[in-house]
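Notes to accompany the following structure.
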Amino acid sequence: MEPGRESGTKPDGEPGQESGVNPDGEPGRASYATPTKAPTEPTKPTKEPGGSQGRRRGRKTGLRARVRRRRAARVAATANEFQATESGTAQPVPETRGGMFRSLRVYNYRLFAAGGVVSNVGSWMQRTAQDLLVLDLTNGSAFALGVTVMLQFLPLLLFGLWGGMLADRYPKRLLLIVAQSLMGLLALAMGVLVVTGSAQVWQVFVMAFLLGLIACVEVPTRQSFVVEMVGRKDLSNAIALNASSFNLARVVGPAVAGVLIYALGGTGPIFLINALSFAGVLAGLMLMRTSELTTPEPVPRAKGQLREGLRYVMVRPELLMPILLIAFVSLFTQSFSMSIALMARQVFGAGAASFGLASSMFAVGALAGALMAARRVRPSRKLLLGGAVAFGLFQIISGLAPWYPLYLVSLVPAGIALISVNTAANASVQLATSPEMRGRVMGIYVLVFTGGAPFGALLLGWISDLGGPRAGVMVGGALTLIGSGVAIMLTKVISRRSNAAVRGVAAATAGAR
């Protein structure tokens, strides 16, 4: 028996509450009354509701009550979180507890994340096998390999905005099921062609283009579907966990593919394994509880919806700034990944094993950055700008590294900074977008995220040829820093002009009346 419990005083001797209910309204806790007189003789403890058994029953009852309250609050929050204000802007993000894996408490997101891990590993395995297959079919043609990559990204540049529009018009879960099924069928068809010895390089080109075409719809739909599973309060965490899954697969997938290609004697089985991996994603999507999805009403088909999406972004600085910033950052992201090979081989004379270590160090940094982002409750403007500036600075530092070990060390914070700005930009854009516009806005985001990378790679590749790999890396870092400032200035100029144009139209309409 603890002193002070039966005597009516707290352990520290302070008078307590006179009721038998604690401040949270949970029954069963031992109550504290104002002390009267200390007992002169020890008394035998009795089994009263306020004793140890009562406290145990009270704790169980209180726990169940808290679970019911939290469940009711979560249902109420998800029922209201997609309602936008009359001005068309999304509601503020509700407060929530931190925690690196808090989104996994949501049943639907657990299914989505589990399927995503399997599918991401399979996709990176297929990318490795696809590159090797093209080189085998063309006797090592680097040009053919470049054409394959270009065909896979070209549809996103040409049709990415239309894919975002479709994401607003149709149920996102249904679109994802169709898109993932088509990707799985393409992998299956290519695997059969390779295993039977019938594969030709033009077939790989067609498959790459079709994968890019499907990605026009799948990528913005998948990005904007996350909030329907976890809600606005856990959106930032879910985006960071998705980035963690992607970067983990980026490390594991190529390594597993290399082992299996050697063990199975060719690239064909890799395509078949990737086709099988889509079963995990499809199972997760089909097993979701649709009643727990906060799905907005589909936008009816109408003219001018693409222009409407562009105007929506132009007049909202909270959307325009992160989109412009990620456009400048992604412009030099692909070139930095390319420079890892140039720096390792041409500057430090590293072999294949050492080059693989450099790529792994950058991927480890990216994975660490994603896990750090997962602990944050919400993104901030400081994090967004700070991540962009840090990525530019670490590009310059890596270009100045005098020894290979220092170069390897500099790649880790560069990966952390890059993923930090990417996850912050993605979450900022989605949180600032109303539900009926989210697909189109994410289509714009995906377009700028992927569209500039080939041009940045060409520019810095040319600079690297003229001045060496160090010059290319440092110029890329300097341009990233400059681009961050330009993004801020452009946001102010474009927003000012767009708002002025809106006010002019409103004034003219009022005058005509």
Side-chain angles (χ1 to χ4, degrees), residues 119-163 166 175 178-222 249-250 253-254 256-279 281-282 334-335 337-338 341 446-447 449-458 461:
S119 181
N120 283 332
V121 172
S123 296
W124 277 104
M125 290 172 60
Q126 177 169 304
R127 291 183 190 184
T128 303
Q130 177 180 284
D131 292 347
L132 293 176
L133 177 62
V134 171
L135 294 175
D136 288 342
L137 294 175
T138 59
N139 296 320
S141 173
F143 176 76
L145 186 58
V147 170
T148 305
V149 176
M150 183 268 295
L151 288 173
Q152 194 158 342
F153 284 96
L154 182 62
L156 282 169
L157 292 175
L158 299 178
F159 311 113
L161 294 179
W162 279 268
L166 292 176
L175 284 178
V178 174
Q180 295 288 333
S181 299
L182 292 175
M183 288 180 173
L185 289 175
L186 284 175
L188 178 62
M190 183 54 61
V192 171
L193 289 173
V194 176
V195 169
T196 58
S198 306
Q200 300 180 30
V201 69
W202 68 266
Q203 295 167 339
V204 183
F205 290 163
V206 171
M207 183 195 72
F209 182 79
L210 291 177
L211 282 174
L213 203 59
I214 298 170
C216 291
V217 179
E218 194 270 343
V219 175
T221 303
R222 172 165 41 85
R250 186 178 184 178
V256 174
V259 172
L260 291 179
I261 289 171
Y262 175 79
L264 301 177
T267 58
I270 305 302
F271 289 93
L272 298 178
I273 292 173
N274 184 46
L276 184 62
S277 73
F278 283 96
V281 182
L282 293 172
Q334 185 64 36
S335 60
S337 300
M338 176 186 68
V446 171
L447 175 65
F449 186 79
T450 59
F455 301 103
L458 287 175

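The shown structure was predicted, so the numbers you read here are calculated from the model rather than taken from an experiment.
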| request: Could you list the residues that satisfy salt bridge (charged side-chain N to carboxylate O under 4.0 Å, His left out) with R222, not counting sequence neighbours? | output: E218
| Any residue meeting side chain to side chain contact (heavy atoms under 4.5 Å, CB included) with L272, in chain and number order, not counting sequence neighbours |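 Only L188, V192, V195 meet the side chain to side chain contact (heavy atoms under 4.5 Å, CB included) criterion with L272.
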| said: According to side chain to side chain contact (heavy atoms under 4.5 Å, CB included), who are the partners of V217, at least two apart in sequence or on a separate chain? | reply: L166, L175, T221
[X] [atom1] to [Y] [atom2] distance, which is reported to the nearest 0.5 Å:
X	Y	atom1	atom2	result
M183	S119	CE	OG	8.5 Å
M207	L133	CE	CG	8.0 Å
L182	Q180	CG	CD	9.5 Å
I270	Q126	CD1	CD	10.0 Å
L137	T267	CG	OG1	7.5 Å

| note | Residues passing the side chain to side chain donor-acceptor pair (under 3.5 Å) test with T128, sequence neighbours excluded, are none
| message | Just to verify, what does N120 make a side chain to side chain donor-acceptor pair (under 3.5 Å) with, not counting sequence neighbours? | response |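 Checked N120 against side chain to side chain donor-acceptor pair (under 3.5 Å); matches are S245.
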| query | So, do S181 and F278 sit near enough that their side-chain heavy atoms are less than 4.5 Å apart? | reply | no
| query | Within a strict 4.5 Å, meaning less than it, do heavy atoms of the T450 and V219 side chains meet? | reply | no
Name every donor-acceptor pair, under 3.5 Å, that has one atom in a side chain of residues 148-162 and the other anywhere in the protein, sequence neighbours excluded.
residue: T148; atom: OG1; partner: A144; partner atom: O; Å: 2.9
residue: Q152; atom: OE1; partner: Q130; partner atom: NE2; Å: 3.3

| query | Where is the tightest heavy-atom contact between A249 and P254, given as atom of each residue plus distance? | reply |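 Distance-wise, the nearest heavy atoms are O-CD, 3.7 Å.
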| query | So which heavy atom on G122 is nearest to which on S277, and how close? | reply | CA-OG, 4.1 Å
